[in-house]
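What follows is a short report on a single structure.
The structure displayed is predicted, hence computed values, not measured ones. The analysis underlying the following values was restricted to heavy atoms, covering all of them including side chains, and did not include hydrogens, waters or symmetry mates. A note on names: the letters A, B, ... follow the listed sequences, proteins ahead of strands, and every chain is numbered from 1.
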Amino acid sequence: MAVFLLQRLAAFIVTLLVASLVVFLVMEVLPGDPAALMLGVSARPDTLAALRSEMGLDLPAAQRYLLWLGGLVSGDLGTSYTYGVPVWELVRERIGLSLPLALIAICLSTLIAIPLGVLAAARHNKPADVGVMGFTQLGVAVPNFWFAILLILVFAVHWQVLPAGGFAGWDAGFWPALKTLLLPAVALALPQAAILARVTRSSVLETLGEDYVRTARAKGLTRRAALWRHALRNALIPVVTIMGLQFSFLLAGTIIIENVFYLPGLGRLIFQAIAQRDLIVVKDLVILLAASVVAVNFIVDLLYAVLDPRLRGGGHAG
Amino acid sequence: MPGDIGPGEALAPAWREYWMRGRSSAGFVIGLAVTALLVAVALVSLVWTPYQVDVMDIPVKLQAPSAAHWLGTDQFGRDVLSRLMAGAVNSIAVSLVAVGIGAGLGVPLGALAAARRGIIEEVVMRFNDFTFAFPALLSAVMITAILGPGAVNSIIAIGIFNIPVFARLTRGASLSLWQRDFVLAARVAGKGRTRITAEHILPNIASLLIVQMTIQFALAILAEAGLSYLGLGTQPPAPSWGKMLNEAQTLMYLAPQLAIFPGLAIMGTVLGLNLLGDGLRDLLDPRLRRLR
């Protein structure tokens, strides 16, 4: 187990370092002069030089990378060109929206997907199975931003029971804030639920065909008891992996869904930073989002070890 | 591997037989029909659309569907059906090139990793792991931050995300083939790794790759629509389904129908391609059918 953990931790750190290097190279070395971008074409050379020096752009690239990396580790993400405030402050303000939104979406998709997947597997090739598979085909094919627009059309424009966009803020109270996050969370959850339901169904079907399940049935357990007591726990292992992989799609979804609903979260911040060419914010947010994807997959690896006892021996680290 | 092709065996699988089997699968037939319809509509739009795609006609703006404008008109009086037809070309072109980049670079990388093993394989696989840290949209955001928005940049972004998908698939499928007797026979006969890859490995994994391309094509259509919706993909006045949805959102109270048709077009296309991909997989590898 310890070997497994150390291997995973090393891979986690290396991936993060490589990711930070790529983001730095892409954002700092390739594009033009950020100072010139900020001040525009009519900037005076001495003003430009002063800003370049203030931003540390006159330092060698390697030194700037190390400074940036050191800043990331110590929590100093630099200052936004356009907002004039530390990037960390911008992130802290917006994570209060994006994180709950992502968590609600994950909970919703799990609550929808796992029962549906198990139902479809338990009723294999029966109408319930066909219905679930039909739902998953549609769920995978519907673009989440279009689904979001349809939700707005129905619940905000037609029935007028939920807001069409904006965020009330947690200061306005739990329910008003949650109300503004409900439609975005449903829009994010649907495609995830469709994929997860398919994986759950395949996994449960596969496990139901295993010898130990057949043995359990031979001992006299009903199909349902064999499913709940023996098959489900093992069937959930690949489901957890897919949930980890889905996290990156969820983040990508957040960028688009926050824009559909005009939610002031991290996704909208990154989008606005691009529009305003605020490269320091883009760079910091991209590495933070990439780091969160890598971190979630690291946690999934750990969960794997908890769910699959074969990994705890230390010899089966793969 | 279904239909292994050893030296001297007939390369072409019996396509007539596949077609006879495929006809009995409703999903495959629907998927094929929808995909064929999409391609046909896109091709027709190159030479004919009911109205000119970019010509504004303000007096007839925001009209509901009618005999003159089957799917109505937008805020500039442009015909929605004509723009949807032209949007199909854009979706197909962007997705085709993006998947082409992904397969064009990913397949050789995966094949190389399987053929050479060792350090090359390690580098290719670590590159794969690393790209998974960047969701397609995130890499697209980074690329457009540097290069600016546009169809070409969205192709690059979607293409980059496709490379590891094909590299991983090709490596995985090729590795087991390298252990097979017919490959051993080819090596004994003195063939080099490149020649074995071209003559024996790739033909044997072609069916897998075709299925994956169909699935990636559907994902690319979704990604392109998402980028265009955000304003990072295809730029106006070129029509694109994502951009049409973006414009429709601001007019939802006035003309809700504008938000329906582009979404249906995207969903129909992706559904068709997914059904086609699933159908092809069933046809080419019937062992997988039970678990889907």
(request) Look up atom CD in B/Q249 and atom OH in A/Y262, then write down how far apart they are to the nearest 0.5 Å. (result) 5.0 Å

(request) Identify which part of A/L285 has an atom lying under 4.5 Å from any heavy atom of chain B, answering side chain, backbone, both or neither. (result) neither

(message) Give me the atom names and distance for the closest heavy-atom approach of A/A164 to B/Y253.
(response) CB-OH, 4.4 Å

(request) Select one option (side chain, backbone, both, neither) describing which atoms of B/A218 are under 4.5 Å from chain A's heavy atoms. (result) neither

(message) Please classify the contact of B/L264 with chain A as side chain, backbone, both or neither, using a heavy-atom distance under 4.5 Å.
(response) both

(request) Taking the side chain as every heavy atom from C-beta outward, state whether B/I260 and A/L150 have any pair of such atoms under 4.5 Å apart. (result) yes

(message) Looking at chain B, which one of A/N125, A/T15, A/L251, A/I152 has the largest number of heavy-atom pairs inside 4.5 Å, strictly under?
(response) A/I152

(request) Check whether A/L16 gets within reach of chain B through its side chain, its backbone, both or neither, counting any heavy atom under 4.5 Å. (result) neither

(request) Mind ranking A/V260, A/V22, A/V293, A/V14 by heavy-atom pairs under 4.5 Å with chain B and telling me who comes out on top? (result) A/V260

(message) Heavy-atom pairs under 4.5 Å with chain A - which of B/V270, B/N246, B/L275 has more of them than the others?
(response) B/V270

(message) Quick check against the 3.5 Å criterion: does A/W146 have a side-chain atom that pairs as donor or acceptor with the backbone of B/G242?
(response) no

(message) If I measure from the heavy atoms of chain B, does A/V294 come under 4.5 Å with its side chain, its backbone, both, or neither?
(response) side chain

(message) With a 4.5 angstrom heavy-atom cut-off, is it the side chain or the backbone of B/L219 that approaches chain A, or both, or neither?
(response) neither

(message) For chain A, which candidate among B/L230, B/T269, B/L273, B/L222 shows the most heavy-atom pairs at distances under 4.5 Å?
(response) B/L230

(message) Quick check for you: to the nearest 0.5 Å, what is the distance between A/Q137 atom CD and B/N274 atom CG?
(response) 6.0 Å

(message) Quick check on A/V140 against chain B: is it the side chain, the backbone, both or neither that has a heavy atom closer than 4.5 Å?
(response) both

